[in-house]
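Since the structure is predicted, the reported quantities are computational estimates derived from the model, not experimental observations.
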Amino acid sequence: MNNIWIQSHVLSGLNKEWEKFLHLGIKKNVSKGTILESLNADTFGYLYKGQLSLSSVSWEGKARVVFYLEDGCICLENKLFHQYSDIYLPEFVATKDCILYFFPKELLTSVEFAKENPELMLSIIRSEAIKAGAFYVQLSEKAAMDSIALIARFLMRQYLKVNKTTFNLGFSQTELSLMLNIHRNTLCRNIRELREAGIIGKCTKNCLEIIDLQRLEELAKI
């Protein structure tokens with residue numbers, strides 16, 4: 001299984017090459033809960049430390065988390081190159097206290113800067129491809145799998161990252177429902193079914209217990 005499969009909802013360390021050029025950016029401490037769209041319209045960011053969610057927000061205000069970004073990722077670059085409709089808009093939110101560096105958009109459009117720093121441009125191309133791939137995986141899974149299989153696959157991803165059957169899940173049930181685009185009532189019912197079947201034990205933000213790994217893997221349709 002490749003890293004894109006494992007990390008289709010949580011991406012980290014995609015653009016570490018940019019840390020050599022932090023002196024070109026402006027450092028900002030961003031508090032948990034801050035919506036980044038309101039900051040620095042003509043810049044893009046580098047998430048040095050913390051966590052951001054990228055959500056698709058409808059005109060009705062309904063949000064679906066597309067994925068989370070953690071340390072070492074470029075962010076806010078999408079708004080510099082893509083014109084979004086008024087129906088669905090991207091929204092970056094700090095889900096933890098963050099340290100970000102903001103760079104002028106000209107760094108991504110300057111031919112001279114690209115020639116002088118090809119490793120940075122390759123880093124951007126690679127990370128954009130990974131983000132697109134992660135989004136495609138989510139769309140494919142949503143179309144092909146029922147809700148309990150989606151939940152099982154997500155829990156298997158988290159297991160594969162830590163290789164432990166008891167660990168800190170890191171996401172509340174509300175966050176999971178937004179991320180998997182499943183109604184919260186459906187998510188709660190499916191988690192209860194997994195518990196009653198003896199496949200998982202605790203399933204909270206701070207603790208996930210996998211009791212029957214083989215059956216969870218079967219449900220995840222790996």
Gap between atom CD1 of Ile151 and atom CG of Leu216 - 0.5 Å precision
10.5 Å
When you measure from the side chain of Ser110 to the backbone of Leu107, do you find a donor-acceptor pair of N or O atoms at a distance under 3.5 Å?
no
Where Leu36 and Ala94 come nearest, the two heavy atoms and their spacing
CD1-N, 4.1 Å
Glu193 side chain near Ile148 side chain, heavy-atom distance below 4.5 Å:
yes
Using the side chain to side chain contact (heavy atoms under 4.5 Å, CB included) rule, take Leu122 and Glu119 through it: C-alpha gap first, then chi angles, then the decisive distance, then the call.
CA-CA 5 Å; Leu122 290 173; Glu119 73 279 13; 5.6 Å; no
For the residue pair Gly198 and Asp212, what are the closest heavy atoms and their distance?
O-CB, 3.7 Å
Donor-acceptor pair between Glu209 and Thr166 side chains, under 3.5 angstrom
no
Would you find a donor on one side and an acceptor on the other, under 3.5 Å apart, between the side chain of Asn206 and the backbone of Asn168?
no
Hey, what do you get for NZ (Lys161) to CD (Gln158), rounding to the nearest 0.5 Å?
5.0 Å
Exam field: side chain Arg126 to backbone Met121, donor-acceptor pair closer than 3.5 Å
no
Distance from Tyr68 atom OH to Leu54 atom CG, nearest 0.5 Å?
11.0 Å
Does the side chain to side chain contact (heavy atoms under 4.5 Å, CB included) test come out yes or no for Leu219 and Ile199, once each step is laid out?
CA-CA 10 Å; Leu219 284 175; Ile199 296 171; 3.6 Å; yes
Drop me the distance from Met179's CE to Leu187's CG, to the nearest 0.5 angstrom.
10.0 Å
For Cys75 versus Leu52, what's the shortest heavy-atom pair and its separation?
SG-CD1, 3.7 Å
Suppose we screen for salt bridge (charged side-chain N to carboxylate O under 4.0 Å, His left out). Which residues come up paired with Glu70, at least two apart in sequence or across chains?
none
So, do Phe92 and Leu69 sit near enough that their side-chain heavy atoms are less than 4.5 Å apart?
yes
When you measure from the side chain of Asn29 to the backbone of Ile99, do you find a donor-acceptor pair of N or O atoms at a distance under 3.5 Å?
no
Side chain to side chain contact (heavy atoms under 4.5 Å, CB included) partners of Leu213, counting only residues at least two apart:
Met156, Tyr159, Ile210
How about Asp97 and Ser31: do any of their side-chain heavy atoms sit closer than 4.5 Å?
yes
Using the rule that Ile, Leu, Val, Met, Phe, Trp and Tyr join whenever any side-chain heavy atoms are under 4.5 Å apart, tell me whether Phe113 and Leu108 fall into a single cluster.
yes
Side chains of residues 18-25: which donor-acceptor pairs under 3.5 Å do they make with residues two or more places apart or in other chains?
residue: Glu19; atom: OE2; partner: Tyr46; partner atom: OH; Å: 2.7

Between Leu76 and Phe102, does the side chain to side chain contact (heavy atoms under 4.5 Å, CB included) criterion hold? Intermediate values first, please.
CA-CA 9 Å; Leu76 297 168; Phe102 290 94; 3.6 Å; yes
List the atom of Gln173, the atom of Cys188, and the distance in Å for their closest heavy-atom pair.
OE1-SG, 3.1 Å
More than 12 heavy atoms from other groups under 6.0 Å of NZ on Lys49
no
If you define the side chain from C-beta out and look only at heavy atoms, does anything of Lys205 sit under 4.5 Å from Leu169?
no
For the student: nearest non-hydrogen atoms of Cys73 and Gly13, plus distance:
SG-N, 3.7 Å
Reported CD1-to-CD1 distance for the pair Ile124 and Ile74, which is rounded to 0.5 angstrom
4.5 Å
Could you list the residues that satisfy ring pair (Phe, Tyr, Trp, His ring centres under 6.0 Å) with Phe154, not counting sequence neighbours?
His9, Phe171
Who pairs with Lys131 by salt bridge (charged side-chain N to carboxylate O under 4.0 Å, His left out), at least two apart in sequence or on another chain?
Glu77, Glu128
To the closest 0.5 Å, what do you measure between CG (Leu11) and CD (Gln51)?
11.0 Å
Test of understanding: clusters of I, L, V, M, F, W, Y form through side-chain heavy atoms closer than 4.5 Å, transitively. Do Leu160 and Ile211 belong to the same one?
no
Might you work through the side chain to side chain contact (heavy atoms under 4.5 Å, CB included) test for Ser123 and Leu14, ending with a clear yes or no?
CA-CA 7 Å; Ser123 169; Leu14 301 182; over 6 Å; no
Counting C-beta onward and ignoring hydrogens, is there a side-chain heavy-atom pair between Ile200 and Ile191 closer than 4.5 Å?
yes
Only counting residues at least two apart or in another chain, list the ones meeting side chain to side chain contact (heavy atoms under 4.5 Å, CB included) with Thr186.
Ser147, Ile182, His183, Arg189, Asn190
Contact summary for Leu155 and Phe167, nearest pair of heavy atoms:
O-CZ, 4.4 Å
